[in-house]
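Please read the structure below before turning to the comments.
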Amino acid sequence: MPLSATCRTSKRESNPYSFNSDWSARRRNHPESTPYSFTPPSQEYSWIQREQHKAARLMIPNPTSIQIANEAKFSSLAEEWEKETVMHSSLSKIVLNTAYQRIIGMGPVAIPFILRKMKQRAGHWFWALDALTNGESPAQGCTSVRDATDAWLKWGLDKGYISRDSE
Amino acid sequence: MIVPFPTDRDEQWAARTFPGIAGRFRKTSDYDEGYNCLAWALGRNDGWLYPAINIPPYTWPAGVPEDWSVAAIREIFARNGYTEETDSSDLEDEWEKVAFYIANNGEPLHFSRQLPNGKWTSKLGKQIDIEHDDLICLEGANYGTLGLILKRRKQS
(Lines give C-alpha, C1' and ligand atoms only; values in the text may rest on other atoms or scores of the structure.)
Protein backbone atom coordinates (compact mmCIF):
# COMPACT_ATOMS: atom_id res chain seq x y z
CA MET A 1 0.00 0.00 0.00
CA PRO A 2 1.44 3.40 -0.91
CA LEU A 3 2.40 5.52 2.04
CA SER A 4 0.09 8.34 0.99
CA ALA A 5 -2.96 6.02 1.12
CA THR A 6 -2.10 4.82 4.64
CA CYS A 7 -1.81 8.39 5.82
CA ARG A 8 -5.17 9.34 4.35
CA THR A 9 -6.93 6.41 6.11
CA SER A 10 -5.31 7.16 9.41
CA LYS A 11 -6.24 10.82 9.20
CA ARG A 12 -9.91 10.05 8.48
CA GLU A 13 -10.27 7.65 11.42
CA SER A 14 -8.80 10.11 13.87
CA ASN A 15 -11.11 12.91 12.80
CA PRO A 16 -14.07 13.11 15.27
CA TYR A 17 -16.32 14.47 12.53
CA SER A 18 -15.41 11.76 10.12
CA PHE A 19 -18.26 9.66 8.78
CA ASN A 20 -16.52 6.51 9.97
CA SER A 21 -15.93 7.64 13.53
CA ASP A 22 -18.02 6.36 16.45
CA TRP A 23 -19.16 9.93 17.20
CA SER A 24 -22.76 9.29 16.26
CA ALA A 25 -22.99 6.18 18.42
CA ARG A 26 -21.53 8.04 21.38
CA ARG A 27 -24.01 10.82 20.89
CA ARG A 28 -26.95 8.41 20.63
CA ASN A 29 -25.95 6.81 23.93
CA HIS A 30 -25.41 10.10 25.66
CA PRO A 31 -27.73 10.42 28.70
CA GLU A 32 -28.97 13.84 27.52
CA SER A 33 -29.76 12.65 24.06
CA THR A 34 -33.48 13.06 23.12
CA PRO A 35 -35.53 11.24 20.52
CA TYR A 36 -35.37 14.40 18.48
CA SER A 37 -31.57 14.68 18.44
CA PHE A 38 -30.11 14.42 15.00
CA THR A 39 -28.82 10.91 15.46
CA PRO A 40 -28.77 9.04 12.18
CA PRO A 41 -31.39 6.31 12.18
CA SER A 42 -30.23 2.76 11.90
CA GLN A 43 -31.73 -0.66 11.42
CA GLU A 44 -32.44 -1.22 15.13
CA TYR A 45 -34.86 1.75 15.16
CA SER A 46 -38.55 1.11 14.76
CA TRP A 47 -40.48 2.62 11.88
CA ILE A 48 -41.98 5.34 14.07
CA GLN A 49 -38.59 6.28 15.47
CA ARG A 50 -37.21 6.62 11.94
CA GLU A 51 -40.21 8.80 11.02
CA GLN A 52 -39.66 10.92 14.11
CA HIS A 53 -36.06 11.42 13.14
CA LYS A 54 -37.06 12.34 9.63
CA ALA A 55 -39.61 14.86 10.93
CA ALA A 56 -37.10 16.33 13.36
CA ARG A 57 -34.62 16.78 10.54
CA LEU A 58 -37.17 18.56 8.41
CA MET A 59 -38.32 20.58 11.43
CA ILE A 60 -41.81 19.07 11.14
CA PRO A 61 -43.47 18.35 14.51
CA ASN A 62 -44.52 14.71 14.72
CA PRO A 63 -48.24 13.83 15.00
CA THR A 64 -48.03 12.97 18.70
CA SER A 65 -46.50 16.30 19.63
CA ILE A 66 -49.16 18.14 17.59
CA GLN A 67 -51.89 16.23 19.45
CA ILE A 68 -50.37 17.04 22.82
CA ALA A 69 -49.97 20.71 21.91
CA ASN A 70 -53.58 20.93 20.67
CA GLU A 71 -54.92 19.29 23.81
CA ALA A 72 -52.91 21.63 26.04
CA LYS A 73 -54.10 24.63 24.04
CA PHE A 74 -57.73 23.47 24.27
CA SER A 75 -57.54 22.83 28.03
CA SER A 76 -56.06 26.23 28.68
CA LEU A 77 -58.64 28.03 26.52
CA ALA A 78 -61.54 26.02 27.99
CA GLU A 79 -60.47 26.87 31.53
CA GLU A 80 -60.13 30.55 30.64
CA TRP A 81 -63.58 30.49 29.01
CA GLU A 82 -65.21 28.86 32.06
CA LYS A 83 -63.72 31.40 34.43
CA GLU A 84 -64.69 34.38 32.32
CA THR A 85 -68.25 33.37 31.39
CA VAL A 86 -69.63 31.12 34.12
CA MET A 87 -71.60 34.03 35.61
CA HIS A 88 -73.32 35.00 32.35
CA SER A 89 -76.80 34.11 31.13
CA SER A 90 -76.54 35.84 27.79
CA LEU A 91 -75.37 33.35 25.19
CA SER A 92 -73.68 36.08 23.20
CA LYS A 93 -71.49 36.84 26.23
CA ILE A 94 -70.71 33.14 26.51
CA VAL A 95 -69.91 32.32 22.89
CA LEU A 96 -68.34 35.58 21.78
CA ASN A 97 -65.75 35.22 24.52
CA THR A 98 -62.23 35.34 23.02
CA ALA A 99 -61.17 31.95 24.38
CA TYR A 100 -64.33 30.28 23.01
CA GLN A 101 -63.75 31.85 19.61
CA ARG A 102 -60.14 30.63 19.65
CA ILE A 103 -61.38 27.11 20.33
CA ILE A 104 -63.65 27.36 17.28
CA GLY A 105 -60.63 28.69 15.41
CA MET A 106 -58.75 25.46 16.16
CA GLY A 107 -61.04 23.77 13.65
CA PRO A 108 -62.37 20.19 13.69
CA VAL A 109 -59.33 19.05 15.68
CA ALA A 110 -61.13 20.54 18.72
CA ILE A 111 -64.21 18.29 18.35
CA PRO A 112 -62.90 15.28 20.34
CA PHE A 113 -61.60 17.55 23.09
CA ILE A 114 -64.98 19.30 23.33
CA LEU A 115 -66.86 16.00 23.45
CA ARG A 116 -64.56 14.62 26.14
CA LYS A 117 -65.15 17.80 28.14
CA MET A 118 -68.91 17.38 27.68
CA LYS A 119 -68.70 13.89 29.19
CA GLN A 120 -67.42 15.47 32.40
CA ARG A 121 -69.64 18.57 32.38
CA ALA A 122 -72.22 19.52 29.79
CA GLY A 123 -70.99 23.08 29.27
CA HIS A 124 -72.41 25.22 26.53
CA TRP A 125 -70.43 23.81 23.62
CA PHE A 126 -73.42 23.59 21.27
CA TRP A 127 -72.59 26.76 19.41
CA ALA A 128 -68.97 25.66 18.84
CA LEU A 129 -70.03 22.17 17.74
CA ASP A 130 -72.55 23.65 15.33
CA ALA A 131 -69.80 25.80 13.80
CA LEU A 132 -67.17 23.04 13.72
CA THR A 133 -69.45 20.43 12.16
CA ASN A 134 -71.12 22.71 9.62
CA GLY A 135 -74.47 22.36 11.35
CA GLU A 136 -74.66 18.58 11.90
CA SER A 137 -77.22 19.23 14.63
CA PRO A 138 -77.79 15.78 16.16
CA ALA A 139 -79.58 17.54 19.05
CA GLN A 140 -82.37 18.87 16.85
CA GLY A 141 -85.59 18.88 18.85
CA CYS A 142 -83.85 18.79 22.25
CA THR A 143 -84.95 21.54 24.61
CA SER A 144 -82.84 20.66 27.64
CA VAL A 145 -79.09 20.98 28.04
CA ARG A 146 -78.88 17.40 29.32
CA ASP A 147 -80.71 15.92 26.32
CA ALA A 148 -78.70 17.98 23.84
CA THR A 149 -75.46 16.90 25.53
CA ASP A 150 -76.47 13.24 25.34
CA ALA A 151 -77.35 13.64 21.65
CA TRP A 152 -73.95 15.16 20.84
CA LEU A 153 -72.11 12.47 22.81
CA LYS A 154 -73.96 9.74 20.94
CA TRP A 155 -73.09 11.48 17.67
CA GLY A 156 -69.43 11.64 18.73
CA LEU A 157 -69.42 7.91 19.51
CA ASP A 158 -71.04 7.05 16.19
CA LYS A 159 -68.56 9.18 14.27
CA GLY A 160 -65.57 7.85 16.20
CA TYR A 161 -64.56 11.15 17.78
CA ILE A 162 -64.73 9.60 21.23
CA SER A 163 -64.85 6.09 22.61
CA ARG A 164 -67.08 4.75 25.34
CA ASP A 165 -64.20 4.62 27.81
CA SER A 166 -62.65 7.99 26.91
CA GLU A 167 -62.61 10.40 29.83
CA MET B 1 -71.56 12.14 35.19
CA ILE B 2 -71.91 15.91 35.35
CA VAL B 3 -69.27 17.42 37.63
CA PRO B 4 -70.25 20.72 39.29
CA PHE B 5 -67.98 23.68 38.60
CA PRO B 6 -66.42 24.98 40.71
CA THR B 7 -66.55 21.78 42.69
CA ASP B 8 -66.78 23.59 46.02
CA ARG B 9 -66.57 26.99 47.61
CA ASP B 10 -69.46 28.34 45.53
CA GLU B 11 -70.04 31.05 48.09
CA GLN B 12 -66.43 32.21 47.82
CA TRP B 13 -66.76 32.26 44.06
CA ALA B 14 -69.93 34.37 44.30
CA ALA B 15 -68.37 36.81 46.74
CA ARG B 16 -65.28 37.12 44.55
CA THR B 17 -67.30 37.65 41.37
CA PHE B 18 -69.82 40.05 42.88
CA PRO B 19 -67.95 42.06 45.52
CA GLY B 20 -71.09 43.80 46.80
CA ILE B 21 -72.76 40.55 47.74
CA ALA B 22 -70.52 39.42 50.59
CA GLY B 23 -72.56 38.73 53.71
CA ARG B 24 -75.85 39.56 51.99
CA PHE B 25 -76.74 36.29 50.30
CA ARG B 26 -77.11 32.59 50.77
CA LYS B 27 -76.73 29.78 48.26
CA THR B 28 -80.01 28.01 47.48
CA SER B 29 -78.97 25.50 44.82
CA ASP B 30 -75.93 23.76 43.38
CA TYR B 31 -74.29 24.52 40.06
CA ASP B 32 -76.72 23.84 37.22
CA GLU B 33 -76.11 24.90 33.65
CA GLY B 34 -79.49 23.63 32.53
CA TYR B 35 -81.28 26.99 32.89
CA ASN B 36 -80.40 30.65 32.97
CA CYS B 37 -81.41 33.66 35.02
CA LEU B 38 -84.17 34.66 32.59
CA ALA B 39 -85.86 31.27 32.94
CA TRP B 40 -85.39 31.42 36.71
CA ALA B 41 -86.90 34.91 36.95
CA LEU B 42 -89.93 33.48 35.14
CA GLY B 43 -90.11 30.71 37.73
CA ARG B 44 -88.72 27.96 35.48
CA ASN B 45 -85.69 25.70 35.71
CA ASP B 46 -86.26 23.53 32.66
CA GLY B 47 -84.39 25.29 29.88
CA TRP B 48 -81.99 27.98 28.76
CA LEU B 49 -83.96 30.84 27.21
CA TYR B 50 -82.08 32.53 24.43
CA PRO B 51 -83.05 33.60 20.90
CA ALA B 52 -80.78 31.09 19.16
CA ILE B 53 -83.53 28.73 18.17
CA ASN B 54 -81.53 27.11 15.35
CA ILE B 55 -79.07 25.76 17.88
CA PRO B 56 -80.66 23.26 20.25
CA PRO B 57 -81.34 23.25 23.15
CA TYR B 58 -81.88 27.03 23.32
CA THR B 59 -85.52 28.05 23.30
CA TRP B 60 -87.41 31.29 22.91
CA PRO B 61 -91.15 31.94 23.19
CA ALA B 62 -92.89 31.83 19.84
CA GLY B 63 -94.02 35.21 18.57
CA VAL B 64 -91.52 37.23 20.60
CA PRO B 65 -88.86 39.01 18.49
CA GLU B 66 -85.72 36.85 18.36
CA ASP B 67 -83.58 39.43 20.01
CA TRP B 68 -81.78 39.49 23.37
CA SER B 69 -82.96 43.03 24.11
CA VAL B 70 -84.82 44.77 26.91
CA ALA B 71 -87.85 45.28 24.65
CA ALA B 72 -88.10 41.62 23.59
CA ILE B 73 -87.54 40.30 27.12
CA ARG B 74 -90.02 42.80 28.51
CA GLU B 75 -92.56 41.31 26.12
CA ILE B 76 -91.85 37.84 27.52
CA PHE B 77 -92.49 39.13 31.04
CA ALA B 78 -95.61 40.97 29.86
CA ARG B 79 -96.98 37.68 28.54
CA ASN B 80 -96.46 36.34 32.05
CA GLY B 81 -98.40 39.17 33.62
CA TYR B 82 -95.57 41.57 34.46
CA THR B 83 -97.02 44.59 32.73
CA GLU B 84 -96.53 47.38 35.26
CA GLU B 85 -93.30 49.25 35.78
CA THR B 86 -92.33 50.43 39.26
CA ASP B 87 -89.49 52.33 40.93
CA SER B 88 -89.79 50.48 44.22
CA SER B 89 -87.95 47.28 45.05
CA ASP B 90 -89.76 47.06 48.40
CA LEU B 91 -92.07 44.17 49.17
CA GLU B 92 -95.67 45.09 48.42
CA ASP B 93 -98.67 43.02 49.33
CA GLU B 94 -100.50 41.69 46.30
CA TRP B 95 -97.54 42.25 43.96
CA GLU B 96 -94.74 40.08 42.58
CA LYS B 97 -91.70 41.79 41.09
CA VAL B 98 -88.86 41.09 38.70
CA ALA B 99 -85.78 43.22 38.10
CA PHE B 100 -83.64 43.79 35.00
CA TYR B 101 -79.91 44.53 35.21
CA ILE B 102 -78.72 46.38 32.15
CA ALA B 103 -75.29 47.25 30.69
CA ASN B 104 -74.33 50.79 29.68
CA ASN B 105 -74.93 49.84 26.03
CA GLY B 106 -78.49 48.75 26.81
CA GLU B 107 -77.83 45.00 26.74
CA PRO B 108 -79.79 43.07 29.39
CA LEU B 109 -77.33 41.16 31.58
CA HIS B 110 -79.30 39.67 34.45
CA PHE B 111 -82.77 39.17 35.95
CA SER B 112 -83.91 38.67 39.55
CA ARG B 113 -87.27 37.73 41.04
CA GLN B 114 -88.65 38.90 44.38
CA LEU B 115 -89.51 36.25 46.94
CA PRO B 116 -92.53 36.38 49.27
CA ASN B 117 -90.18 37.31 52.16
CA GLY B 118 -89.08 40.48 50.34
CA LYS B 119 -85.64 39.14 49.42
CA TRP B 120 -84.62 38.36 45.85
CA THR B 121 -83.62 35.19 44.05
CA SER B 122 -81.08 35.00 41.23
CA LYS B 123 -79.52 32.33 39.05
CA LEU B 124 -75.90 33.38 38.56
CA GLY B 125 -75.32 32.35 34.93
CA LYS B 126 -74.39 28.66 34.73
CA GLN B 127 -73.62 28.71 38.42
CA ILE B 128 -75.69 28.52 41.61
CA ASP B 129 -79.03 30.04 42.65
CA ILE B 130 -78.83 32.51 45.50
CA GLU B 131 -81.19 34.45 47.74
CA HIS B 132 -79.95 38.02 48.21
CA ASP B 133 -81.07 40.80 50.50
CA ASP B 134 -81.42 43.57 47.93
CA LEU B 135 -80.88 44.41 44.27
CA ILE B 136 -77.91 46.75 44.56
CA CYS B 137 -75.58 44.03 45.80
CA LEU B 138 -75.36 42.41 42.35
CA GLU B 139 -74.54 45.61 40.51
CA GLY B 140 -71.05 45.89 39.09
CA ALA B 141 -68.82 44.94 36.19
CA ASN B 142 -70.59 41.65 35.47
CA TYR B 143 -74.26 42.58 35.68
CA GLY B 144 -74.23 46.32 35.06
CA THR B 145 -76.80 48.35 36.97
CA LEU B 146 -80.41 47.92 37.99
CA GLY B 147 -82.39 49.29 35.06
CA LEU B 148 -86.01 48.23 35.34
CA ILE B 149 -88.46 46.68 37.81
CA LEU B 150 -91.73 45.15 36.62
CA LYS B 151 -94.57 43.84 38.74
CA ARG B 152 -97.70 41.73 38.45
CA ARG B 153 -100.57 40.96 40.75
CA LYS B 154 -99.86 37.97 42.97
CA GLN B 155 -101.27 34.81 41.49
CA SER B 156 -103.28 32.62 43.80
Side-chain angles (χ1 to χ4, degrees), chain A residues 75 78-97 99-100 104 114-155 164-167, chain B residues 1-7 10 13-14 16-18 21 31-41 44-60 67-69 73 100-103 107-112 122-128 130 138 140-144:
Chain A
S75 296
E79 190 178 336
E80 185 184 330
W81 171 66
E82 287 275 9
K83 276 185 188 163
E84 290 177 359
T85 66
V86 71
M87 76 293 287
H88 291 306
S89 280
S90 161
L91 199 63
S92 62
K93 289 263 181 208
I94 293 171
V95 304
L96 295 179
N97 173 270
Y100 195 84
I104 293 174
I114 290 174
L115 293 173
R116 265 183 259 158
K117 197 86 175 165
M118 286 174 87
K119 280 186 97 170
Q120 299 169 329
R121 186 171 60 246
H124 280 260
W125 295 105
F126 311 112
W127 192 287
L129 287 170
D130 184 76
L132 292 168
T133 62
N134 289 318
E136 279 270 348
S137 209
Q140 201 63 49
C142 296
T143 55
S144 78
V145 169
R146 176 63 63 93
D147 289 348
T149 301
D150 289 345
W152 273 107
L153 290 176
K154 184 181 178 307
W155 174 88
R164 286 199 187 278
D165 54 352
S166 63
E167 289 179 11
Chain B
M1 186 184 76
I2 306 297
V3 179
F5 174 86
T7 50
D10 293 327
W13 169 84
R16 210 170 47 243
T17 309
F18 305 98
I21 211 173
Y31 177 96
D32 189 338
E33 54 201 344
Y35 59 99
N36 61 353
C37 64
L38 176 56
W40 186 240
R44 295 171 47 182
N45 63 354
D46 59 350
W48 193 283
L49 288 178
Y50 195 82
I53 55 170
N54 293 329
I55 300 178
Y58 306 112
T59 57
W60 196 245
D67 183 20
W68 184 262
S69 65
I73 294 169
F100 288 42
Y101 291 79
I102 301 172
E107 183 187 5
L109 295 175
H110 181 66
F111 308 92
S112 292
S122 280
K123 172 73 162 56
L124 304 179
K126 291 185 273 184
Q127 258 279 6
I128 55 175
I130 61 164
L138 280 179
N142 289 309
Y143 286 169

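By convention in this document, chain letters (A, B, ...) are assigned in the order of the sequence lines, proteins followed by strands, and residues within each chain are numbered from 1. The basis for the numbers below is simple: all heavy atoms, side chains too, and nothing from hydrogens, waters or symmetry mates.
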Taking salt bridge (charged side-chain N to carboxylate O under 4.0 Å, His left out) as the definition, give me every residue that meets it alongside B/D46, ordered by chain and number, with sequence neighbours left out. B/R44
Donor-acceptor pairs under 3.5 Å, side chain of residues 47-55 of chain B to any protein atom, not counting sequence neighbours: which ones?
unit_1: B/W48; atom_1: NE1; unit_2: A/S89; atom_2: O; d: 3.3
unit_1: B/Y50; atom_1: OH; unit_2: A/S92; atom_2: N; d: 3.3
unit_1: B/Y50; atom_1: OH; unit_2: A/S92; atom_2: OG; d: 3.4

Turns out that what part of B/F111 lies under 4.5 Å from chain A's heavy atoms comes down to neither
Using the side-chain contact (heavy atoms from CB on, under 4.5 Å) rule, take B/W68 and A/L91 through it: C-alpha gap first, then chi angles, then the decisive distance, then the call. CA-CA 9 Å; B/W68 184 262; A/L91 199 63; over 6 Å; no
CG of B/L109 to NE2 of A/H88: how many Å apart, nearest 0.5 Å? 7.5 Å
For A/S137, is it the side chain, the backbone, both, or neither that has a heavy atom closer than 4.5 Å to a heavy atom of chain B? side chain
Find the one option among B/Y35, B/Y58, B/Y143 whose heavy-atom pairs under 4.5 Å with chain A are most numerous. B/Y58
Pair count under 4.5 Å, heavy atoms only, with chain A: among B/C37, B/A14, B/G125, B/P57, highest is B/P57
A/M87 versus B/H110: any side-chain heavy-atom pair under 4.5 Å? no
Below 4.5 Å from any heavy atom of chain B, which atoms of A/I94 appear? Answer side chain, backbone, both or neither. side chain
I'd like to know if the side chain of B/E33 and the backbone of A/G123 have a donor-acceptor N/O pair within less than 3.5 Å. yes
